[in-house]
Amino acid sequence: MLGLAPALMLLLAAGQFDAGGSVSVETRGGEAPVSPGLPPQPSLVGVLTPGGDVLYRGGDFQVRAGYSLRIFSRETKSVDAAPLYLHTWTLAADSHPTPRLVFQGTASVLEGATDYTYLPVVLGTNQATLAVVPRIFSTTVDASAQARASRTVRFELALRVFQYRPVDEDPAATFVLPHLTTVTVTPGVAFRLSALDELTLSTGFETQYISALQSAPAVAGQPLMVHSVTGLTVIPGVGWRTSLARHASLELRAGIALTHLSSAYPIDTPSSVTPIGKVTLDQRLLSLRGTVLQAMLGASVDYYVDPILGAATPRGTAMVILSLLCPPDWSVGFEGYFFSTLQMHATTSGDTTYYPDEVAASVAVPVRHRISDSLTVEFGGRWADRAPFYSRPGSFIESFHQRQLWLYVLFAGTSRVSRSVGTP
C-alpha cells in the first residue's frame, strides 16, 4: 500500500504545471480623500502590482496558487506619505470526481496597508461607511459543491468564511476598523423546468461576530464605548432564471431575512423580519459586423449587519453595466453603481449628532486595447462619492463629501510557461 507522500508524487507526475507572471502599472491623476472623513485632495498616484502563480492540471482536478504585491504611492501638496504595501496570497481548486459531481474552492489572504481608494475592495464595494485602517489582515474562503441527481435536478451547497481585523492598531485612535468574522452556509436545489427556465430553492444561514466596535458615548467628552455584536441571519429564498431570447436572460430572486442580534450595548431592533429580492437583466442590445453592445441592469434589496456601524439594516443596490466590444482588440465599458441603506443610523453624544455615510455611488468608464497576446492597456475615468442618509438635515446632493475623481492609464502584462512532467 502506497503512503500518502509517494501517492501524491505519482499523482503530480501525471499532470502538467503552468507557471505565470504578471505585472500592472497604473498612473492616475485627480483627487480623493487621504483618509475617511477628510475632504478630497489633488493627487498624483502610482500603483505597481507584480505577481505570479503556478497552475497544476492533473486529470479531473486542477489547483492554482498565486501571490501579488500592490505597491501604492501618492503625492499631494499636504501629505508626504511612504509607499503602502499590500500582500495577497490566493489558492484555488477545481475537481470533477464524476461527471455529475463538481467541487470548487478559493481562498485568499490579504495583509498589509491599503489606501482610501482601495478600501471598498477589501471591505466590500457596497460598504458605504468606511473607517481608518492602518494595516489589515483579511482571509476569505469560498467553497461549493454541485451534485446532479438527474438531467433536471441539481443539489448545491455553498460555504463562505470571511474575516478581517486591523493590525498594529492605535488604541487611542477614533473610528478604527472593528474585527469582523462572517460564516455563511447555503444549501439549495435547482430544477430545470425547460430548456429556457430554471427554478432554485435555497436557505442561507449566516452568523456574524463583530468585536472592538466603537460607539459614541451618551455624554459628550467621555471616551468612546467599545463592545461587540453577534448576529444570526436565516434567509430562505426562491429564484428563477429564464432566457428571454437568444442573447437575453432574466433572473429573479425573492426571500425573507430573519435576523437576530445580541450585544451588551443596547440595540434598537434586536430581531427583524425583512423581505428581500433581486432582479437582473442581461441583454445584447446591438450586434453589427462583429461589434457587440451588451447591457446588464440590476436592482436588489438585501439585509446585512454593517460591521462598522454595528447595525442590521436593509440595503438597496442598483447597477448599470454597458460593454461595447469592438473585435479584435478594443472594448469600451460603462459601470454605474448606487448603494444605500433604507433607514438612517445617526448616533447622538450630548448635543452632537453624528450622521455616518450610508450612501455610495460610483461610475467608471474603462477603455481597453489589447496590444498583443501578453500586453493590454486600459485608460479612462473613475468617479465615486459617499454621503449620509437622505433624511439627514440639509441638502442631500451637498452632503456628498468623499469625492474621488480620477483619470488613469494602466498597462498590464502577462507571461506563461507550461511543462508536462509525463506519466509515471
Side-chain angles (χ1 to χ4, degrees), residues 24 26-47 49 70 72-76 78-79 81 84 86 110 113-133 136 138 164 175 177 296-300 302 304 306-309 313 315-323 332-342 345 355-368 378-390 392 394-410:
S24 66
E26 178 184 354
T27 300
R28 68 173 99 127
E31 61 176 4
V34 177
S35 183
L38 298 180
Q41 296 187 22
S43 306
L44 181 63
V45 168
V47 182
T49 310
R70 185 176 188 269
F72 176 89
S73 178
R74 176 173 183 170
E75 294 185 7
T76 65
S78 59
V79 178
L84 303 178
L86 182 65
L110 278 71
T114 180
D115 60 287
Y116 172 85
T117 64
Y118 202 70
L119 278 179
V121 178
V122 178
L123 307 182
T125 55
N126 52 4
Q127 175 66 44
T129 306
L130 300 180
V132 177
V133 185
I136 194 169
S138 172
Y164 60 63
F175 301 111
L177 188 71
M296 179 179 289
L297 309 176
S300 65
D302 65 347
Y304 84 122
D306 191 306
I308 297 179
L309 299 181
T313 179
R315 172 181 55 185
T317 301
M319 71 171 183
V320 177
I321 301 177
L322 301 176
S323 301
V332 180
F334 175 89
E335 303 169 4
Y337 295 92
F338 183 83
F339 311 100
S340 176
T341 59
L342 301 186
H345 297 87
Y355 299 94
D357 292 335
E358 299 188 77
V359 179
S362 67
V363 172
V365 182
V367 180
R368 301 181 180 93
E378 176 181 318
F379 57 91
R382 305 188 190 112
W383 169 87
D385 214 332
R386 284 173 161 73
F389 195 66
Y390 318 97
R392 172 186 180 272
S395 170
F396 172 66
I397 299 299
E398 294 177 354
S399 66
F400 281 88
H401 65 120
Q402 296 280 279
R403 182 178 63 253
Q404 297 184 57
L405 187 59
W406 300 105
L407 295 176
Y408 72 96
V409 177
L410 184 150

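- Taking 4.5 Å as the limit, every side-chain heavy atom of Pro366 sits out of range of all side-chain heavy atoms of Val332.
- Phe379 meets the side chain to side chain contact (heavy atoms under 4.5 Å, CB included) test with Trp330, Val367, Val409; sequence neighbours excluded.
- For the residue pair Thr341/Arg315, the side-chain donor-acceptor check at 3.5 Å is not satisfied.
- Listed by chain and residue number, Asp115 satisfy the salt bridge (charged side-chain N to carboxylate O under 4.0 Å, His left out) test with Arg70 (two or more places apart in sequence, or in another chain).
- In this view, Asp385 satisfies the salt bridge (charged side-chain N to carboxylate O under 4.0 Å, His left out) rule with no residue, not counting sequence neighbours.
- Proximity of Glu358 to Leu309: side-chain heavy atoms (C-beta onward) are separated by under 4.5 Å at one or more points.
- For Tyr118, there are no side-chain hydrogen bond (donor to acceptor under 3.5 Å, both in side chains) partners, not counting sequence neighbours.
- Residues passing the ring pair (Phe, Tyr, Trp, His ring centres under 6.0 Å) test with Phe400 are Phe396, sequence neighbours excluded.
- Using modelled atom types, one finds no donor on one side chain facing an acceptor on the other under 3.5 Å when comparing His345 with Asp306.
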- Begin from the C-alpha positions of Val47 and Leu410 and carry the test side-chain contact (heavy atoms from CB on, under 4.5 Å) through to its verdict. CA-CA 9 Å; Val47 182; Leu410 184 150; over 6 Å; no
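- Scored by the side chain to side chain contact (heavy atoms under 4.5 Å, CB included) test, Ser340 finds Phe338, Val359, Phe389, Tyr390 as partners (sequence neighbours excluded).
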- Task: Take Phe72 and Val45 through the side-chain contact (heavy atoms from CB on, under 4.5 Å) test and state the conclusion after the steps.
- Result: CA-CA 7 Å; Phe72 176 89; Val45 168; 3.3 Å; yes
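- Remark: Gln404 engages Trp406 in a side-chain hydrogen bond (donor to acceptor under 3.5 Å, both in side chains) (not counting sequence neighbours).
- The closest side-chain heavy-atom distance from Ser43 to Glu75 is not below 4.5 Å.
- The stretch residues 31-41 participates, sequence neighbours left out, in these salt bridge (charged side-chain N to carboxylate O under 4.0 Å, His left out) pairs: Glu31-Arg403.
- Closest of all the heavy-atom pairs between Pro33 and Arg74 is O-NH1, 3.1 Å.
- Partners of Ser300 under the side chain to side chain contact (heavy atoms under 4.5 Å, CB included) rule, at least two apart in sequence or in another chain, are Lys278, Thr317.
- Legend: residues meeting side chain to side chain contact (heavy atoms under 4.5 Å, CB included) with Leu297, ordered by chain and number and at least two apart, are Val320.
- Residues satisfying the side-chain hydrogen bond (donor to acceptor under 3.5 Å, both in side chains) criterion with Arg28, sequence neighbours excluded, are Glu26, Thr117.
- Scored by the side-chain hydrogen bond (donor to acceptor under 3.5 Å, both in side chains) test, Ser24 finds no partners at all (sequence neighbours excluded).
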